[in-house]
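Here the structure is laid out as structure tokens; the discussion comes afterwards.
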Amino acid sequence: MNAEAAVGAASPMSPERRRARRWEAPHIIVAGAVALVAVIVGIFVLLCFQGYASTINNARERVETAAGVVAEETKWVFAATRSTLGQLAGRLGGDPAAATPQAMRDLESAMSSLPMQARVGIYNAAGDLVAAGPATAPAMESVADADFFDAVAGGEPWALSAQLRHPETGEATFAVARRLDSGGTFRGAALAIVDADVLRSLADSQDLGEGSTISVIRTDGWIIARTPPLSAPANVSNMENFALLMASESGSYESGVSPVDGVARIVGFHHVPELGYIAIASIARDTVLAGLWNSIWIVSWLIAPIAVALLVGSLITARVMRRTQATSRSLAEALAHNEVLFREIHHRVKNNLQAINSLLQLHPIPREVRADMSQRIAAMSAVHEHIYRSHTFARVQVKDYLHKLIDNIRAVNDPSVQVIVRIEDVAVDKDAATPLGLIVNEVVSNAFKHAFGDGRSGTIEITLVGEGDTARLTVHDNGTGFDPEAPAKGIGRRLIGGLTAQLHGESTHTSDADGSTFTLTFPLARD
Amino acid sequence: MKVLVVEDEPLIRLGIVSLIEDAGWLTADASDADAAVELLEGEPGIGVMITDVDMPGSMDGIGLAWVVQRRWPAIRIIAISGKVSIDRSALPSGARYFSKPLVDEHLLAAIASPSAPSDTR
């Protein structure tokens with residue numbers, strides 16, 4: 001691998017790229033979690049709104065139905081009361097003075113058949129009480145100021161009172177008034193005074209819940225009766241929804257805070273035009289929504305931990321990722337730094353080898369010896385360079401390295417000598433690469449120098465083969481050969497012996513008529 | 001013919017000068033590119049310049065090689081370096097390159113002849 005490329009690949013990212021990377025994974029995770037939580041919360045809120053709308057709709061349907069039921073029930077009460085009063089008026093012949101104790105006792109028994117507690121009062125044209133029944137129950141002494149009395153005095157056959165409060169008992173009641181006249185002349189009025197509590201049984205049967213009301217009101221807004229009862233007469237005509245109430249036969253609306261008791265309600269109404277009142281049923285908004293709020297509360301408690309866990313989890317993940325990224329960055333920087341350091345050391349080693357070569361140049365030794373030394377130093381450097389370039393340190397593939405080494409030897413020797421190189425790509429131990437290179441350098445250089453001294457052209461054949469755990473190097477030349485018995489000149493033979501020992505190998509150098517052959521066998525693996 | 005040796009490390013410079021002088025050539029030497037240019041301006045007989053690539057000063061050996069090729073095109077240039085990753089294509093065409101440590105015979109052959117083989121390392 002090219003050293004520059006290796007450094008380039010390991011070098012730290014550019015600042016722009018790093019910034020872009022810094023905005024990537026961890027923030028996407030957090031943003032994703034936030035978005036997910038937002039979606040969950042959004043859906044939950046949407047469901048809450050839907051739940052609210054449907055709860056309110058259900059409540060409206062319920063109060064409309066209830067108002068219809070109240071209208072039917074009260075219609076019967078009022079009709080029965082009117083019928084009884086009608087009978088009484090017929091019996092009196094329209095004259096209050098005819099209300100004898102006997103007549104009142106008869107009336108009393110007639111009243112007992114009515115579905116509610118009621119008593120009767122007979123008033124003269126001035127509005128003063130002339131007779132009442134049952135005798136035990138007190139009646140109002142005068143109704144001269146009452147609007148319903150004015151109504152019947154003014155010619156109406158029937159009139160309904162607003163809610164009345166008995167001055168003595170404090171009971172809430174209302175009155176159904178029947179005009180008494182004879183020959184078209186107003187004589188007075190017969191009143192059925194009904195306990196306002198008559199609506200309670202209706203309210204109980206409807207079971208609309210806490211804060212609910214059942215009431216009947218006159219079309220002018222005065223409340224006739226209400227459950228729970230009012231402490232004082234009240235008129236609702238000035239309420240903002242009164243127009244809505246009057247606009248249709250029946251229906252419902254959401255009312256704001258009631259001026260009567262401060263409760264906001266869902267109100268259903270049903271007109272009874274033939275009797276001149278409106279039946280109303282209402283449920284407190286809080287009662288309606290209690291179930292919904294409860295559900296929302298429970299679901300919130302379920303969702304909140306999930307959302308918190310999601311957010312916290314994403315933050316932790318993002319933090320871990322940021323740390324991992326920071327670690328990767330510092331590792332990349334350290335790697336780049338090491339590459340630079342490695343290159344620098346390599347540079348220094350090569351320069352130092354050159355310095356050694358230069359020192360040799362300054363020694364008064366034969367030029368040939370210096371040249372040999374420079375070649376040996378170059379051979380050592382070649383291993384170093386090969387290891388540096390291949391980035392493998394434990395074992396060294398020797399094929400390229402030996403080829404280059406041999407090429408460099410050829411470059412400074414007789415070009416007419418043919419060199420045949422057959423080198424298998426054997427991987428040797430890192431400690432074996434340098435001795436092997438130096439041996440090849442020695443033997444091949446020697447062959448060039450001595451084999452063809454007589455000017456003949458020849459062939460040098462270099463072979464390296466792997467044989468299982470061992471490798472065999474053979475250098476054969478077809479030159480003049482040598483005398484094995486002759487004493488060695490120079491350091492060549494000693495050097496080869498030492499290097500062979502370093503390889504834990506065995507070497508032989510033979511000479512015959514075909515030239516000389518050097519053979520080295522050495523183990524590929526080291527202990 | 002004179003050979004100019006430009007090398008910032010004195011020991012290496014001395015060794016190369018010694019090698020070349022032993023081989024019979026005259027030499028001049030400089031420790032950086034500026035000194036080399038100054039020397040070239042005063043010495044007309046230089047035929048070959050050997051320059052280290054990695055040198056301090058206003059320019060390195062590659063810069064010097066380009067200056068020399070432009071101003072003294074007749075001078076042959078031999079760049080040497082201990083660095084592994086020298087971009088040889090950055091050198092002017094015709095310039096030779098040798099990796100340190102030098103093989104004496106390679107350098108001497110390159111000085112003697114423009115067609116001598118290059119270092120294959």
Side-chain angles (χ1 to χ4, degrees), chain A residues 2-8 339 342-344 346-382 384-389 400-401 403-413 415 441 445, chain B residues 3 5 7-25 27 29 50-56 60-61 78-90 96-113 115-121:
Chain A
N2 182 296
E4 283 292 295
V7 171
E339 290 278 357
F342 188 47
R343 198 160 25 147
E344 209 39 56
H346 186 71
H347 181 201
R348 193 84 332 253
V349 166
K350 290 186 70 175
N351 256 15
N352 284 348
L353 288 171
Q354 178 60 46
I356 291 165
N357 192 13
S358 288
L359 279 171
L360 284 170
Q361 299 298 338
L362 302 175
H363 279 279
I365 44 179
R367 191 178 146 193
E368 295 75 34
V369 175
R370 290 201 307 253
D372 286 350
M373 285 308 293
S374 85
Q375 192 136 347
R376 285 172 190 137
I377 291 169
M380 291 170 78
S381 171
H384 198 71
E385 193 158 329
H386 182 76
I387 290 173
Y388 176 82
R389 287 190 195 280
D400 288 350
Y401 154 59
H403 267 285
K404 283 181 184 175
L405 194 66
I406 293 163
D407 285 348
N408 279 334
I409 298 167
R410 286 172 74 179
V412 291
N413 282 292
N441 182 61
S445 294
Chain B
V3 179
V5 179
E7 164 66 60
D8 60 312
E9 285 195 42
L11 178 60
I12 295 175
R13 188 170 70 237
L14 206 57
I16 295 170
V17 165
S18 176
L19 170 70
I20 294 166
E21 286 182 348
D22 266 12
W25 283 291
T27 61
D29 63 281
I50 298 166
T51 179
D52 188 19
V53 169
D54 193 31
M55 285 191 300
D60 64 4
I78 298 170
I80 59 174
S81 176
K83 287 200 164 178
V84 182
S85 48
I86 289 294
D87 183 6
R88 297 184 195 192
S89 64
R96 310 290 302 279
Y97 174 81
F98 290 104
S99 179
K100 288 181 188 171
L102 302 166
V103 176
D104 295 356
E105 302 300 326
H106 283 171
L107 184 67
L108 296 176
I111 294 168
S113 158
S115 62
S118 257
D119 187 346
T120 58
R121 280 179 294 162

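Because the structure is predicted, anything quoted here is derived from the model rather than measured. Chain A is the first sequence line, chain B the second, and so forth, proteins listed ahead of strands; every chain is numbered from 1.
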Quick one, L108(B) and V412(A) - any side-chain contact, counting heavy atoms below 4.5 Å? no

Where does D87(B) contact chain A at under 4.5 Å (heavy atoms): side chain, backbone, both or neither? neither

Under a 4.5 Å cutoff for heavy-atom pairs, which residue among L359(A), I356(A), N352(A), V349(A) has the most contacts with chain B? L359(A)

For a 4.5 angstrom cut-off between non-hydrogen side-chain atoms, does N357(A) reach K100(B)? no

Of all heavy-atom pairs linking I16(B) and S358(A), the shortest is N-OG, 4.2 Å

Indicate yes or no: does E9(B) engage K350(A) in a salt bridge with an N to O separation below 4.0 Å. no

Looking at L353(A) and P101(B), what are the two nearest heavy atoms and their distance? CB-CG, 3.7 Å

Rounded to the nearest 0.5 Å, the CD atom of Q361(A) sits from the CD1 atom of I20(B) at a distance of 9.5 Å

R348(A) versus chain B, the contacting section by heavy-atom distance below 4.5 Å: side chain

Compare all side-chain heavy atoms of D104(B) with those of R367(A) and state whether any distance is below 4.5 angstrom. no

d(L107(B) CG, S374(A) OG) to nearest 0.5 Å is 9.5 Å

Are Q354(A) and D52(B) side-chain neighbours, meaning at least one heavy-atom pair lies under 4.5 Å? no

Return yes if some donor-acceptor pair links the side-chain N/O of H106(B) with the main-chain N/O of N408(A) below 3.5 Å, else return no. yes

